[in-house]
Amino acid sequence: MLNGPNLGRLGTREPEVYGSTTYADLVELCRREAAELGVEVDVRQTDHEGEMLGWLHEAADSGTPVVLNPAAWTHYSIAVRDACSQLTAPLVEVHISNVHKREEFRQHSYISAVADGTILGLGVQGYALALRWIATHPA
Ligand code: DQA
């Protein structure tokens with residue numbers, strides 16, 4: 001589960017948009033869900049695009065499924081999209097907020113066209129749903 005910029009600040013970051021769940025709570029929720037599903041999960045967050053690209057290359061090379069919240073990179077990073085295009089196992093794009101109810105610049109995702117599916121607007125529960133789908137659609 002890979003999280004992009006500013007998601008480490010969940011809980012204090014615009015709680016009216018992203019809710020009061022902290023990033024630590026999110027990690028815990030994902031680990032609990034994975035344990036219930038009997039799958040392994042590695043939850044990571046970075047504010048550095050190069051680090052995210054490295055993690056996506058690692059997933060591509062190992063054939064590992066990815067749940068990705070690309071955060072702001074969603075809307076402008078062709079580099080993140082190009083890295084996603086190299087994945088061979090399932091990719092689910094997750095957004096905590098419903099980006100379609102928000103500003104115009106959030107209406108376009110560079111990632112959606114190369115993802116198997118997108119979950120948005122369901123809060124942090126979207127991550128658990130994505131993991132559940134991945135667990136039933138092995139690579
Ligand atoms: C987000 C939506 C993006 O537009 C924003 O830049 C984020 C978070 C979400 O989870 O709702 O950082 O990906």
Side-chain angles (χ1 to χ4, degrees):
M1 290 201 151
L2 304 180
N3 290 285
N6 296 301
L7 291 169
R9 297 183 54 77
L10 281 179
T12 49
R13 173 193 186 195
E14 299 175 85
E16 67 287 0
V17 178
Y18 299 109
S20 55
T21 303
T22 64
Y23 179 71
D25 293 337
L26 172 66
V27 172
E28 190 45 41
L29 176 141
C30 295
R31 289 193 181 141
R32 239 184 298 124
E33 188 70 18
E36 212 173 278
L37 292 165
V39 297
E40 264 180 56
V41 73
D42 187 359
V43 189
R44 305 181 189 181
Q45 189 274 328
T46 184
D47 292 331
H48 302 279
E49 194 172 1
E51 187 166 36
M52 176 61 80
L53 295 178
W55 291 344
L56 288 166
H57 297 161
E58 196 183 311
D61 290 344
S62 59
T64 304
V66 174
V67 175
L68 173 66
N69 185 341
W73 292 326
T74 309
H75 314 298
Y76 68 87
S77 177
I78 297 170
V80 172
R81 178 202 174 110
D82 285 349
C84 289
S85 296
Q86 298 170 48
L87 297 168
T88 50
L91 168 65
V92 181
E93 175 188 4
V94 170
H95 297 284
I96 296 166
S97 65
N98 181 350
V99 287
H100 297 302
K101 280 185 171 172
R102 302 181 62 196
E103 301 93 330
E104 184 65 32
F105 65 86
R106 295 187 206 275
Q107 304 301 309
H108 179 257
S109 166
Y110 276 102
I111 312 302
S112 297
V114 296
D116 291 284
T118 301
I119 296 173
L120 51 88
L122 304 184
V124 291
Q125 223 193 309
Y127 289 84
L129 294 168
L131 198 56
R132 194 160 281 268
W133 184 83
I134 278 185
T136 54
H137 292 79

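As the structure lists them, so they are numbered: ligands from 1, and atoms in each ligand from 1.
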(message) For N69, state whether at least one heavy atom is located under 4.0 Å from any atom of ligand 1.
(response)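 N69: in contact with ligand 1 (<4.0 Å).
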(message) Check for me whether V99 has a heavy atom closer than 4.0 Å to any atom of ligand 1.
(response)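 It does; at least one heavy atom falls under 4.0 Å.
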(request) Within a distance under 4.0 Å of any heavy atom of A72, pick out the atoms of ligand 1 and give their elements. (result)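 Near A72, the atoms of ligand 1 are 6 (O), 12 (O).
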(request) Find all atoms of ligand 1 within a distance of less than 4.0 Å from any non-hydrogen atom belonging to H75, and give their numbers and elements. (result)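 Selected atoms, number and element: 3 (C), 4 (O).
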(message) For a side chain to side chain contact (heavy atoms under 4.5 Å, CB included) check, start with the C-alpha distance between V92 and L129, then their side-chain angles and the critical distance, and finish with the verdict.
(response) CA-CA 10 Å; V92 181; L129 294 168; over 6 Å; no
Quick check: [X] and ligand 1, any N/O pair under 3.5 Å apart?
X: L7; value: no
X: R13; value: yes
X: S97; value: yes

For [atom], closest protein heavy-atom neighbour:
atom: atom 9 (C) of ligand 1; result: I96 N, 3.3 Å
atom: atom 1 (C) of ligand 1; result: H95 ND1, 3.7 Å
atom: atom 5 (C) of ligand 1; result: R106 NH1, 3.3 Å

(message) Counting only heavy atoms, tell me which of F105, Y18, Y76 gets closest to atom 7 (C) of ligand 1.
(response)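 Looking at heavy atoms only, Y18 sits closest to atom 7 (C) of ligand 1.
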(request) Would you name the heavy atoms of Q45 and W55 that are closest together and state the gap between them? (result)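 Closest pair (atom of Q45, atom of W55, distance): O-CH2, 3.5 Å.
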(request) Identify the heavy atoms of G126 and V94 that sit nearest to each other, and give their distance. (result)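 Closest approach of G126 to V94: O-CG2, 4.0 Å.
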(message) Tell me which one of N69, T74, T118 satisfies side chain to side chain donor-acceptor pair (under 3.5 Å) with E93.
(response)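 With E93 as partner, N69, T74, T118 yield a single side chain to side chain donor-acceptor pair (under 3.5 Å), made by T118.
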(message) Under a 3.5 Å threshold, yes or no: a donor from one side chain and an acceptor from the other, between D82 and S85?
(response)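 No, no side-chain donor-acceptor contact under 3.5 Å.
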(request) Please check if any side-chain donor atom of Y127 sits under 3.5 Å from a side-chain acceptor atom of N3, or the reverse. (result)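 Per modelled atom types, Y127 and N3 side chains form a pair under 3.5 Å.
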(message) When you compare the side chain of P70 with that of H95, does any pair of heavy atoms fall below 4.5 Å?
(response)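 Side-chain contact under 4.5 Å: yes.
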(request) Please assess H57 against L53 for the test side chain to side chain contact (heavy atoms under 4.5 Å, CB included), listing each intermediate value before the final yes or no. (result) CA-CA 6 Å; H57 297 161; L53 295 178; 4.2 Å; yes
